[in-house]
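Some notes on the structure that comes next.
The sequence lines fix the lettering, A, B, ..., with proteins before strands; numbering per chain opens at 1.
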2 protein chains.
Amino acid sequence: MEPLRPVVLERLIQYYRYLFGLTGQRSVETVTSAQLGAALDIDPTQVRKDFGAIGLVGISRVGYEVSEVSRAIRVVFGFDRPYEAILVGAGHLGKAILNYPGFSRYGLEIAAAFDNDPEVIGTEIAGLRVRPIRSLKPFVRKHAVRMAILTTPVSASQALADRLVSSGVKAIWNFSPTRLTAPRDVLIRNQYISVGLAQLAYHLNGPAGGSPSRISTPEKPSKDRSPTQEN
Amino acid sequence: MEPLRPVVLERLIQYYRYLFGLTGQRSVETVTSAQLGAALDIDPTQVRKDFGAIGLVGISRVGYEVSEVSRAIRVVFGFDRPYEAILVGAGHLGKAILNYPGFSRYGLEIAAAFDNDPEVIGTEIAGLRVRPIRSLKPFVRKHAVRMAILTTPVSASQALADRLVSSGVKAIWNFSPTRLTAPRDVLIRNQYISVGLAQLAYHLNGPAGGSPSRISTPEKPSKDRSPTQEN
DNA sequence: AGCCCTTCGTGAAAAATTTCTCGAACCCCT
DNA sequence: AGGGGTTCGAGAAATTTTTCACGAAGGGCT
C-alpha cells in the first residue's frame, strides 16, 4: 500500500478523535460515513474513501464498527506500538505539554525532560525530574529514543535540533517558531500555531470581514481534559 | 477582491514569519520568489501568485521589497489594527500562552485572563491578574472583546464557548481537543495539535516507515523566543 | 420469504491547487 | 548606450482533492 497523503492522515485523526466521544457511550458500536461526515463537516464519500484506503470495509445497511475503525487507525499510525519521546525545553509550553494527559491515545510516552536552566534542572514536572541538557545524548543513546519534542526559545532551537540529530533522534516535533533544518532522514514537524490565529484574525479584521467559518487545524488535531491542555 | 483561500492564508503566514528573520539583518531589503520558495519549500510561481493575490507587485530583476511585503500581509490579516482577546482557562497551557511574547506581531493583545479555580483567581500571570469566570460577560461587553482563547478542559469547553458567544465574542481559538459548535456568525478555530504528532508517528512507526519529510502546520505557523513558546 | 430502504464501494466528473512555460521588464555591467 | 542575464506575471497544463451518481449489498419488517 502506497503511503497515505497528509490530507488523508489529517482526516483520519479527525475521525479518531470523534470516535473517542462515541466509545464513552456504550451501545454505540457502529458509525456511518454520513454520521461522521455530518459531525466533522466532511463529505461522506470522502469518509468512505479514507476508510477504504486503510483497508476498512463497512457493512451495508449498518456502517462501520467503531472498535474496528479505531483499531485500524491506531495501526496505521503506529499508536498501538507506544514509542518514547523526550522533551527539550521545560519552559511554560514544555510544562504544559508534560502535563497534557492525552498523548497516550497517540502512543506517545514522554520519557524524560531536559533543560539547561540550573533553576529548573532537578525540579519535578508532571512526575518527571528535569535533567540537564548535558545528559541528553547519553539518554537518547541508552533508550534508543527516536522522537523529541522541542519547546525551546528560537535562539536555541537549531543548535539543540542538531544535537538531537547527532544523538540519534529521527523525528522532531518543533514548537519554536522557526523552521529547523536537519538531514533528510530526520523528520521535522514544525508546529506553528500562529497559523490558527492568523486565520481568525483574517476573518475578524481582514478585508471583507466575515465569510465562511468553522476552520480546523489542517495538521494539528488531538484530544483531552483538565484546565489547560493541548491535543 | 474575493476572500483569500485558507491555503493561501497559510502560505502568507509562512512568508511573514520568514521575513522576520530577514528584517533582523539590515541591508537585506528585497526578497525574490525563488529565495522564499527555496527556504520554505514552496514553488516560486506559487509565491508570486500569492503575492499577486494580495496586490503586491515585484520589480523585475530584483524581487519584492521586504518591508512592503510585510506591510501588505499585515494589512490583509488586520495585524496592523491590534485587537484585544481574552483568555479563558488559566491552566498550564493558558499560562504558556499568556507568557508567549510573539503575538504582537499578529496584532493580538491579551486583555484579560479568566478561570474558575479559586486557587488561581487573583494570582498574576504574565502581568495579568486572573479574574473569575463570573466577570467574563461584563468584561467582554465593556471592552467589546471579539476574540477569545479557550484553554479549558474538554468538559467545560462547550459551556464556556456558549457563554462567550452570548457575551458577544465573535471568534474563538479553541485549544481543547473537542469540536465546538457555535452560531454561524461566530468563528471557531480548533487548534488540534495532535495532528502534528500523528504525522510524525506515521512516518516513524506507520506502515512503510520513512517517506518524505519536512512537514509544517497547514494549518497552521508563527515566531519567537524564551524557554517555551508558541507561535 | 420477499420487499424496501439505508449505506457502502466505485468510477466518473468537477473543482481546486500546484507546476510548467514563456514573454516582458529592467537592473547591472562594460 | 547597449547587451545580458535574472525575475516577475500570466496563461496553460498537470496533478490532486473533492463531489456526484449509482449499482450492489444486506438488515429489518411484514
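In this structure, A/R179 contributes its side chain and B/A39 its backbone to a donor-acceptor pair below 3.5 Å. Distance alone, capped at 3.5 Å, is enough to place a donor-acceptor pair between the B/Y16 side chain and the B/R105 backbone.
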Next on the checklist: One character per nucleotide, please: for nucleotides 17-28 of chain C, 5' to 3', B when the base has a protein heavy atom closer than 4.0 Å, S when only the sugar-phosphate does, - otherwise.
Outcome noted: SSBB----BBB-
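For the pair A/T45 and A/D43, the tightest heavy-atom approach, listed with the atom from each and the gap, is N-OD1, 2.7 Å.
B/L22 has its side chain within reach of B/Q35: a pair of non-hydrogen atoms, C-beta onward, lies under 4.5 Å apart.
Across all strands shown, B/G52 has no heavy atoms under 4.0 Å from either base or sugar-phosphate atoms.
Partners of A/Y64 under the ring-ring contact (aromatic ring centres under 6.0 Å, His included) rule, at least two apart in sequence or in another chain, are A/F51.
Following rounding to the nearest Å, B/I54 (CD1) and D/dG9 (P) show an atom-to-atom distance of 12 Å. Distance, B/L56 CG to D/dT7 P: 18 Å, rounded to whole Å. Taking atom CG of residue B/L4 and atom C1' of nucleotide C/dA16, one finds them 15 Å apart after rounding to whole Å. Atom P of nucleotide D/dT7 and atom CZ of B/F51 are separated by 15 Å, given to the nearest angstrom.
Side chains of A/N205 and B/Y83: no donor on one and acceptor on the other come within 3.5 Å.
Side-chain nitrogen and oxygen atoms of A/Y64 include none within less than 4.0 Å of the OP1 or OP2 phosphate oxygen of C/dT6.
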